[in-house]
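Here's the structure we're looking at; comments come further down.
The figures here come from the full heavy-atom set of this structure, side chains too, leaving out hydrogens, waters and symmetry mates. All of these numbers come straight from a predicted model, not from anything done at the bench. Every chain is numbered from 1, with letters handed out A, B, ... down the list of sequences.
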2 protein chains.
Amino acid sequence: MSAGWFRRRFLPGEPLPAPRPPGPRASPVPYRRPRFLRGSSSSPGAADASRRPDSRPVRSPARGRTLPWNAGYAEIINAEKSEFNEDQAACGKLCIRRCEFGAEEEWLTLCPEEFLTGHYWALFDGHGGPAAAILAANTLHSCLRRQLEAVVEGLVATQPPMHLNGRCICPSDPQFVEEKGIRAEDLVIGALESAFQECDEVIGRELEASGQVGGCTALVAVSLQGKLYVANAGDSRAILVRRDEIRPLSFEFTPETERQRIQQLAFVYPELLAGEFTRLEFPRRLKGDDLGQKVLFRDHHMSGWSYKRVEKSDLKYPLIHGQGRQARLLGTLAVSRGLGDHQLRVLDTNIQLKPFLLSVPQVTVLDVGQLELQEDDVVVMATDGLWDVLSNEQVAWLVRSFLPGNQEDPHRFLKLAQMLIHSTQGKEDSPTEEGQVSYDDVSVFVIPLHSQGQESSGR
Amino acid sequence: MSAGWFRRRFLPGEPLPAPRPPGPRASPVPYRRPRFLRGSSSSPGAADASRRPDSRPVRSPARGRTLPWNAGYAEIINAEKSEFNEDQAACGKLCIRRCEFGAEEEWLTLCPEEFLTGHYWALFDGHGGPAAAILAANTLHSCLRRQLEAVVEGLVATQPPMHLNGRCICPSDPQFVEEKGIRAEDLVIGALESAFQECDEVIGRELEASGQVGGCTALVAVSLQGKLYVANAGDSRAILVRRDEIRPLSFEFTPETERQRIQQLAFVYPELLAGEFTRLEFPRRLKGDDLGQKVLFRDHHMSGWSYKRVEKSDLKYPLIHGQGRQARLLGTLAVSRGLGDHQLRVLDTNIQLKPFLLSVPQVTVLDVGQLELQEDDVVVMATDGLWDVLSNEQVAWLVRSFLPGNQEDPHRFLKLAQMLIHSTQGKEDSPTEEGQVSYDDVSVFVIPLHSQGQESSGR
């Protein structure tokens, strides 16, 4: 297994896709090269490099460069599962302009310079090749910026107005919004949800146009107006680690965790299984000898278990099969949310996976301003390669063991990310049980929250 | 407003419905009068009355009788919303025999006496009349007993066997069950889920046959083998109150809490709305002046909010409308789960409510054996009439204020239930904000957990 640092890779002939606006808008919006991914220069010695528009935020530690927002670090190991790295990452400054649609559905930039500033970190874990992950790393931030710019007036208001133009049609409109409890953070959540969907559509179009395939998970953290938003679609994970607290900031979406949603869809649309799969869950795949016996089973409406008498149709391959990390949707995929996979079919059949996959993320919000931050409070974001062998508690133990003794080291978050990855490689001093080793790609961001208070500009 | 204690009431000509087995079974099972609802005599002076098979578990405190299981109490106020009390209750001993289906699909009672003993408390809050609530109070325990008897072999095994007859077809069958983490408690959860569904079917048939209508919420607590199971479908609530802890044991199902599920169904089956409703959520109902404006909205995939330009179809009545306690599904119903309502339609239309309603409960499990019980640890179960005016914290405060000073009073749980109800009636010493008053029916069970340790028989 060789280890290599992330490098920017494009597939041959792959253009940077131009995000297009979703649904109701009539005329296309001209694509502008994003001012995103312009590096921050807050760390000594990093200014020159991070200004390069084509520089990627994830760097070799050997070159001593740091990431935007004082210090956010990522490390990626290519486990050589495929020719290209299936883990991809992106991070940078999120420069939101003040724009709106005019009467003629034309996009008007009211404020060409940045109006709101945020920061963005994203991990994409590809499958079926790196194409979707690379597209996502190059696209999602643009989709998000555009979605945020579309609601920016609501973001900076004390309370989002019922009408985006601020006009009050009913005198009690603000009261209706108040009663629904709608806050600016709900607009950011909505923008993240829409951006994931838009990015998924872009990936679908681009992969089809270039004859490529594949999908990826997506885990995104966005710092904006004093809050950290974590949006997750897939099986990567983000946790907050503080001196006395470990708080999960995401929830994994796998065929197991989303069993009921997936079974429910097959119940409503049995034709999606083309008569080849059974929707029901059994402890193992049934066989002829089980016919007529009463065996344990679960259907879509059950969180408990019951017994049913086995019929012939129960002997089909299960919609969700396998256990834990081995669980597969339609015998094919280990995740139930993510981007791409529009062309993915069950081997040797015409059965599509996509109807069962959601591109919409779950978003959690961390009110950083309420935390009374300590210097060593960090968010650890990583792909499943890390979490397969390290528990939240083990990661927190490594964080707490390392940071307090290295407060003067400007590269300590980078070194911590490195150490976390080394701990997945079965080193002797690894805290994993019985020296467990990850054979997957592994990517880690360590995001120090303390920097946010120093740099956060709000508006 | 008059207050009356619950009395057993049947609708004119209403027979006690005979539960029928669900789905796959071919031949009908003869109905046997349930041995359920035979009162416990654990409290002094209650033995004679509680042995009467037709005695209902909820009594007037004036008669000084107590409920099964040492002391479980209920109080019901009829707020005179309808001629009959729309709140109904049931509780009693749950006597589970050892039975199984034979080769000829015939129900064989292997152990005519009770094999496992549990206890059952249930609250049903009716709407559109008391019919469904009365049927549920008379039926659900029989459905549950039958469902539990169907899996009793699995309940008493160290681990539920893959095959109900215990025959091992694959040597590794126990390992498959182990890996899925299937425990006896999952069979109880499954039995509760199936019993709710079966009871819903019974209610549908009985109401149709007798030309009656209506529906009800259902909140059930079952104590079995050292665990307390709380199954909820509707907006009643159960909480655990201990000296240092308040733990919700149920979750309310209303059009607001189940917005995404309901919108999702309307997205998949738009014909359910018959062109009369809009699936989208807005802060208020839109009107002509909003046309063409960009307003706040949410669709089924969104937990956040975004803006959309208002089209004509957005002016329709919303699928979910209103705020908080006023929120209504299709302008009609304030709950999104429950039993009955098979005939319920939107006023002056043919649009049915039932496809949007689920009868399946959410079940939580309290491992009472792990609690290190104190004398004053109780579960408070109540219909929404209580929770509309008292918060969990206020109820806990009343519990903690009352119980410690009354440990010698054999009727203290009864008196506590009474006090909780009186607190909803705007008395001067009520802890409700600004003397809030409940105009709804109110029913309360106070279940002392400490008794369980003394009486629980396990097997």
Side-chain angles (χ1 to χ4, degrees), chain A residues 23-25 100-101 147 150-151 154 160-165 167 169-170 172-173 176-180 182-183 185-194 197 265 268-269 281-284 287 289-290 293-296 298 301-309 311 323-324 358-360 362-363, chain B residues 23-25 100-101 147 150-151 154 160-165 167 169-170 172-173 176-180 182-183 185-194 197 265 268-269 281-284 287 289-290 293-296 298 301-309 311 323-324 358-360 362-363:
Chain A
R25 296 193 186 95
E100 67 178 25
F101 279 97
Q147 294 287 347
V151 299
M162 165 93 183
H163 300 82
L164 191 54
N165 62 9
R167 197 182 138 209
I169 288 179
C170 276
S172 48
D173 278 350
F176 283 111
V177 174
E178 173 84 31
E179 280 175 3
K180 288 268 180 194
I182 306 170
R183 294 159 302 174
E185 73 178 57
D186 295 303
L187 297 184
V188 181
I189 295 170
L192 278 160
E193 291 169 332
S194 301
Q197 282 209 299
L265 187 63
V268 173
Y269 290 120
E281 182 185 13
F282 303 98
R284 63 161 164 77
K287 44 190 190 176
D289 288 350
D290 295 306
Q293 300 290 317
K294 286 191 137 186
V295 304
L296 285 166
R298 278 202 290 197
H301 62 281
M302 302 165 69
S303 64
W305 287 80
S306 192
Y307 287 92
K308 86 178 288 280
R309 199 172 294 283
E311 298 161 57
Q323 203 49 44
L358 285 188
S359 60
V360 63
Q362 191 189 51
V363 184
Chain B
R25 296 193 186 97
E100 66 177 27
F101 279 97
Q147 293 288 346
V151 300
M162 165 95 184
H163 299 83
L164 191 55
N165 62 9
R167 195 181 141 212
I169 288 180
C170 275
S172 48
D173 277 351
F176 282 111
V177 175
E178 172 85 30
E179 280 176 2
K180 287 269 181 193
I182 305 170
R183 295 158 302 171
E185 74 177 56
D186 295 304
L187 297 184
V188 182
I189 296 170
L192 278 160
E193 291 169 333
S194 301
Q197 282 209 300
L265 187 62
V268 172
Y269 290 120
E281 182 186 14
F282 303 98
R284 64 160 163 78
K287 45 190 190 176
D289 286 352
D290 295 307
Q293 300 290 316
K294 287 192 135 185
V295 304
L296 285 166
R298 278 204 289 198
H301 63 279
M302 300 164 72
S303 65
W305 288 80
S306 192
Y307 286 92
K308 87 178 286 284
R309 199 172 295 281
E311 299 161 55
Q323 202 49 43
L358 285 188
S359 61
V360 62
Q362 190 189 52
V363 185

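- Ranked by heavy-atom pairs under 4.5 Å with chain A, the first of B:Ser306, B:Pro160, B:Cys170 is B:Cys170.
- Proximity to chain B (any heavy atom under 4.5 Å) is restricted, for A:Glu193, to the side chain, taken from C-beta onward.
- Interface check for chain A: of the options B:Met302, B:Gln323, B:Glu179, the most heavy-atom pairs under 4.5 Å are formed by B:Gln323.
- If you measure heavy-atom distances from A:Val268 to chain B, the contacts under 4.5 Å come from both the backbone and the side chain.
- Between chain B and the residues A:Asp290, A:Val177, A:Val360, A:Leu358, the largest count of heavy-atom pairs under 4.5 Å involves A:Asp290.
- When only modelled atom types and interatomic distance are considered, B:His301 and A:Gln197 share a side-chain donor-acceptor pair under 3.5 Å.
- For B:Gln362, the side chain to side chain contact (heavy atoms under 4.5 Å, CB included) partners two or more places apart in sequence, or in a different chain, are B:Phe251, B:Phe253.
- Under the side chain to side chain contact (heavy atoms under 4.5 Å, CB included) criterion, B:Gln293 pairs with A:His163, A:Asn165, A:Arg167, A:Ile169, B:Val295, sequence neighbours left out.
- For chain B, the option among A:Ile182, A:Asp289, A:Val151, A:Ile189 with the highest count of heavy-atom pairs below 4.5 Å is A:Ile182.
- Taking 4.5 Å as the limit, every side-chain heavy atom of A:Tyr307 sits out of range of all side-chain heavy atoms of B:Met162.
- Using modelled atom types, one side-chain atom of A:Arg298 and one backbone atom of A:Ser303 make a donor-acceptor pair closer than 3.5 Å.
- Taking NZ from B:Lys180 and CD from B:Glu178, the interatomic distance works out to 13.5 Å, rounded to the nearest 0.5 Å.
- With a threshold of 4.5 angstrom between heavy atoms, A:Glu281 approaches chain B through side-chain atoms but not through N, CA, C or O.
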